[in-house]
Amino acid sequence: MSDHNANEPDRKAEPGLDFIRTLITADNASGRFDSRVHTRFPPEPNGYLHIGHAKSICLNFGVAREFGGKCNLRFDDTNPLKESQEYVDSIREDVKWLGGDWEGREFYASDYFEQLYQHAEQLILAGKAYVDSLSADEIREHRGTLTAPGTESPYRNRGVEENLDLFRRMRAGEFKDGEHVLRAKIDMASPNVVMRDPTLYRIRHAHHHRTGNAWCIYPMYDYTHCISDSIEGITHSICTLEFVNNRELYDWTLDTLGIYHPQQLEFARLNLTYTVLSKRKLIQLVEGGHVNGWDDPRMPTISGLRRRGVTPEALQDFCARIGVAKADSVVDFSLLEFCMREHLNAVAPRVMGVLDPIKVVIENYPDGQVETFDMPYHPEDASHGSRTVPFSKVLYIERDDFREDPPKKYHRLAPGVEVRLRYAYYITCREVVKDADGNITELRCTYDPATKGGWSQDGRKVKGTIHWVSAAHALHAEVRLYEHLFSVENPNAAEEGKTFVDYLNPDSLKTVTAMLEPALADVAPGTRVQFERIGYFCADKDGTPGKPVFNRTVGLRDSWAKIEKKEGA
RNA sequence: UGGGCUGUCGUUCAAUUGGCAGGACGGCGGAUUCUGGCUCCGCUAAUCUAGGUUCGAGUCCUAGCAGCCCAGCCA
């Protein structure tokens with residue numbers, strides 16, 4: 001079993017592969033595991049999956065697919081106090097949505113409770129496990145410290161028969177929580193604290209979401225995970241870096257039991273700027289009411305990202321781009337945004353919506369007249385088809401698309417300036433109307449009838465093209481504009497006396513009433529569109545027929561904002 | 001101060017295992033454009049430190065330094 005320590009690729013490699021795929025390639029070449037590849041994604045159903053899990057899902061299912069192998073979905077449900085069916089359901093949905101296909105191999109650690117129990121008796125019989133009757137506090141005291149060895153429990157040398165009897169009575173429910181535990185008998189002086197007689201079973205008179213009240217003793221992670229992997233014939237058990245120390249116990253358990261032994265491999269978990277990714281903190285955000293539930297579009301949860309409008313393809317692409325390695329890293333949120341735009345650009349239909357409207361009256365356009373324009377849903381992909389958009393005398397345009405005193409390089413509407421209304425007409429601003437406070441309330445413009453469709457026969461060019469919506473036909477819709485949940489890159493690094501909650505971005509959600517083109521009236525929740533020149537949006541489930549609600553997935557790149565910022569500075 | 005893991009452009013992942021340090025994101029500049037979007041082109045910028053071996057070191061050796069993980073009856 002010496003080769004189970006072979007975490008470093010040392011046989012052969014294909015350049016460009018990550019260290020996990022490199023190792024698997026070598027294993028396949030050498031015939032280890034009969035050249036099979038079988039992975040698993042093993043979440044604990046105690047919270048919603050987040051983008052860090054997405055990395056693991058893409059890795060495990062991806063590796064299986066690439067090597068012609070299999071990947072199981074296994075719920076690591078050994079702690080009845082924290083787990084629930086709600087989480088099982090959400091996890092199943094999220095994995096499926098992300099493209100993970102476990103082909104019916106949906107397993108639960110709790111499926112193996114009886115086998116796990118039998119193996120525990122096997123360890124007792126072999127003199128490799130004992131029932132300890134120390135309290136939790138006493139066990140901690142006996143464990144020693146990082147620099148000092150531990151001391152053995154006075155119960156460590158109980159006889160096999162006594163251990164067996166006690167353990168069976170633990171199972172039978174004769175003891176209260178905490179009265180006894182089953183421990184592996186390894187080495188209280190090990191420099192690896194994990195190996196100082198780790199707890200294998202604890203007593204918990206608790207209802208389990210799947211096994212009900214069948215058990216009152218529950219196995220611990222280290223003991224359960226390796227045996228579960230073994231039972232399922234897993235070849236490569238991929239987990240995150242914090243389990244490196246646990247690998248020694250993983251190997252010890254399987255070797256001591258003498259059963260099939262997969263290879264544990266550890267990679268660095270994902271960190272993302274402007275977000276927190278620990279379950280504890282995400283739960284705190286939900287329970288503290290800082291967000292509106294696990295699927296709040298600001299959450300880095302898979303359900304949150306989905307509701308925000310991120311596509312599974314974008315998430316898969318993101319996971320492929322960040323790579324897999326063993327060095328701790330923090331990925332730039334802008335890479336995620338890039339991946340969102342990359343895919344949405346290809347698949348999202350274009351529509352027009354005005355987020356911050358200002359009224360425009362076309363003075364020379366006939367009162368009461370309505371024209372309709374047929375506009376393509378996607379300028380580069382005719383397969384998306386087209387829709388009809390009404391045009392009339394009174395319109396809305398974006399407030400930011402007009403400047404009374406335009407700065408240099410400003411290409412949009414200004415007094416005396418002609419611009420193109422997307423797919424419609426050229427208009428020129430003639431007059432600015434203001435209220436008593438000097439706020440602009442209306443723009444009086446004229447249009448050139450000869451530019452119908454947004455194009456001039458005489459070859460005349462306009463510098464700007466802006467989007468618009470006919471006021472009389474506009475759909476008044478709620479639009480939610482999301483920004484980073486946190487205002488600092490690393491909310492985890494809180495200064496003295498503060499926590500990550502103190503770094504929440506007060507402007508992470510801004511709700512506006514936008515003016516949308518009428519074609520959007522009955523859009524189905526989950527539909528993703530691009531509001532031209534603004535960004536990508538996704539119809540939210542809070543919307544109703546005729547009254548849609550949109551979430552901003554991500555804004556378009558805005559090079560004008562950069563220019564303006566630079567000129568201003 | 002025990003043990004383990006990790007150090008390469010601003011970020012992230014590579015480097016045919018000792019042979020010109022490359023890609024992507026970001027940033028900057030340009031072309032194109034009925035979305036200041038998309039697309040295209042160009043530029044920018046890195047081997048933790050100090051020694052050593054070698055014709056040649058990101059890669060091997062020695063000694064340091066820095067970061068992360070571990071003392072749950074959590075996973």
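The figures that follow rest on heavy atoms only: side chains count, while hydrogens, waters and symmetry mates do not. Order of the sequence lines sets the chain letters (A, B, ...), proteins ahead of strands, with each chain counted from 1.
Rounded to an integer number of Å, the gap from CG of A:Asn271 to P of B:C25 is 22 Å. What separates OH of A:Tyr410 from C1' of B:G36 is a distance of 11 Å, to the nearest Å. For A:Arg412 and B:U35, the CZ to P distance is 13 Å, given to the nearest whole Å. Regarding A:Phe537, its CZ atom lies at a distance of 18 Å from the P atom of B:U35, rounded to whole Å. Separating the CG atom of A:Leu556 from the P atom of B:C38 is a distance of 7 Å, rounded to the nearest angstrom. For the pair A:Arg341 CZ and B:A24 P, the computed distance is 18 Å after rounding to whole Å. Across the protein-nucleic acid pair, A:Ile20 atom CD1 and B:A14 atom P stand 10 Å apart, rounded to whole Å. Rounded to an integer number of Å, the gap from A:Met352 CE to B:U35 C1' is 11 Å.
Taking the side chain of A:Ala325 as heavy atoms from C-beta on, and the options B:C13, B:G36, B:U6, the nearest nucleotide is B:C13. The side chain of A:Ala327 lies closest to B:U6, out of B:U35, B:U6, B:C25. Comparing atom distances between the A:Lys326 side chain and each of B:G36, B:U6, B:G2 picks out B:U6 as nearest.
Rounded to the nearest Å, the gap between the P atom of B:U59 and that of B:U8 is 13 Å. Comparing B:G56 with B:C65, their P atoms are spaced 29 Å from each other, to the whole Å. Comparing the same atom, C1', in B:C61 and in B:C73 gives a spacing of 46 Å after rounding to whole Å. Rounded to a whole angstrom, the distance from the C1' atom of B:G67 to that of B:U33 is 47 Å. With P as the reference atom, B:C43 and B:A24 are 12 Å apart, rounded to whole Å. The separation of B:C38 from B:U6, taken at their C1' atoms, amounts to 39 Å, rounded to a whole angstrom. B:G58 and B:C48 have their P atoms separated by 10 Å, given to the nearest Å.
The base of B:U39 has none of its N or O atoms less than 3.5 Å from a complementary donor or acceptor on the side chain of A:Glu380. A donor N or O paired with an acceptor N or O is not found under 3.5 Å between the base of B:U12 and the side-chain atoms of A:Arg321.
B:U11 has its base anti relative to the sugar, with a glycosidic angle deviating from 0 by more than 90°. Applying the 90° criterion around 0 to the glycosidic angle, B:G72 comes out syn.
For the side chain to side chain contact (heavy atoms under 4.5 Å, CB included) test with A:Leu395, the passing option among A:Val469, A:Val354, A:Ile362 is A:Ile362; the others fail. Checking A:Trp215, A:Phe113, A:Tyr218, A:Phe167 one by one against A:Tyr201, the ring-ring contact (aromatic ring centres under 6.0 Å, His included) holds for a single residue, A:Phe167.
No side-chain N or O of A:Glu483 forms a donor-acceptor pair with one of A:Tyr274 less than 3.5 Å apart.
Using a 4.0 Å heavy-atom criterion, one finds that A:Leu81 contacts no nucleic acid atom at all. Nucleic acid contact for A:Val330: sugar-phosphate only, since backbone atoms but no base atoms lie under 4.0 Å from a heavy atom of the residue. Residue A:Glu248 is classed as having no contact, given no heavy-atom separation below 4.0 Å to the nucleic acid. A:Phe338 comes within 4.0 angstrom of sugar-phosphate atoms only, judged by non-hydrogen atoms across all strands, and of no base.
If you look at A:Tyr425 and A:Phe373, their ring centroids are closer than 6.0 Å.
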**Study point:** Paired and unpaired positions of RNA chain B as dot-bracket, Watson-Crick or G-U wobble under 3.5 Å, | denoting a partner strand
**Key:** .((((((..((((.....[..))))((((((.......))))))...(((((..]....))))))))))).....
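For A:Tyr87, the ring-ring contact (aromatic ring centres under 6.0 Å, His included) criterion is met by A:Tyr48, not counting sequence neighbours.
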Revision key, fill the gap. Protein-proximity profile, nucleotides 40-48 of chain B, B/S/- by nucleotide at the 4.0 Å heavy-atom cutoff, equals ---------
Check your understanding: How does protein contact run along nucleotides 27-33 of chain B, one letter per nucleotide 5' to 3', with B for base contact, S for sugar-phosphate only, - for none, heavy atoms under 4.0 Å?
Key -> SSS----
Check your understanding: How does each nucleotide of nucleotides 65-75 of chain B score, in 5' to 3' order, for protein heavy atoms under 4.0 Å: base (B), sugar-phosphate only (S), or none (-)?
Key -> ---SBBBSBSB
Point to revise | Chi angles and distances behind the side chain to side chain contact (heavy atoms under 4.5 Å, CB included) call for A:Tyr108, A:Thr211 | key: CA-CA 11 Å; A:Tyr108 294 77; A:Thr211 60; over 6 Å; no
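Between the side chain of A:Lys55 and the main chain of A:Ala268, a donor-acceptor pair closer than 3.5 Å is present.
Evaluation of the salt bridge (charged side-chain N to carboxylate O under 4.0 Å, His left out) test over residues 221-230 of chain A, restricted to residues two or more places apart or in two chains, returns A:Arg40-A:Asp229, A:Arg74-A:Asp229.
Contact record, A:Cys216 with A:Met170: SG-O, 3.3 Å, taken as the closest heavy-atom pair.
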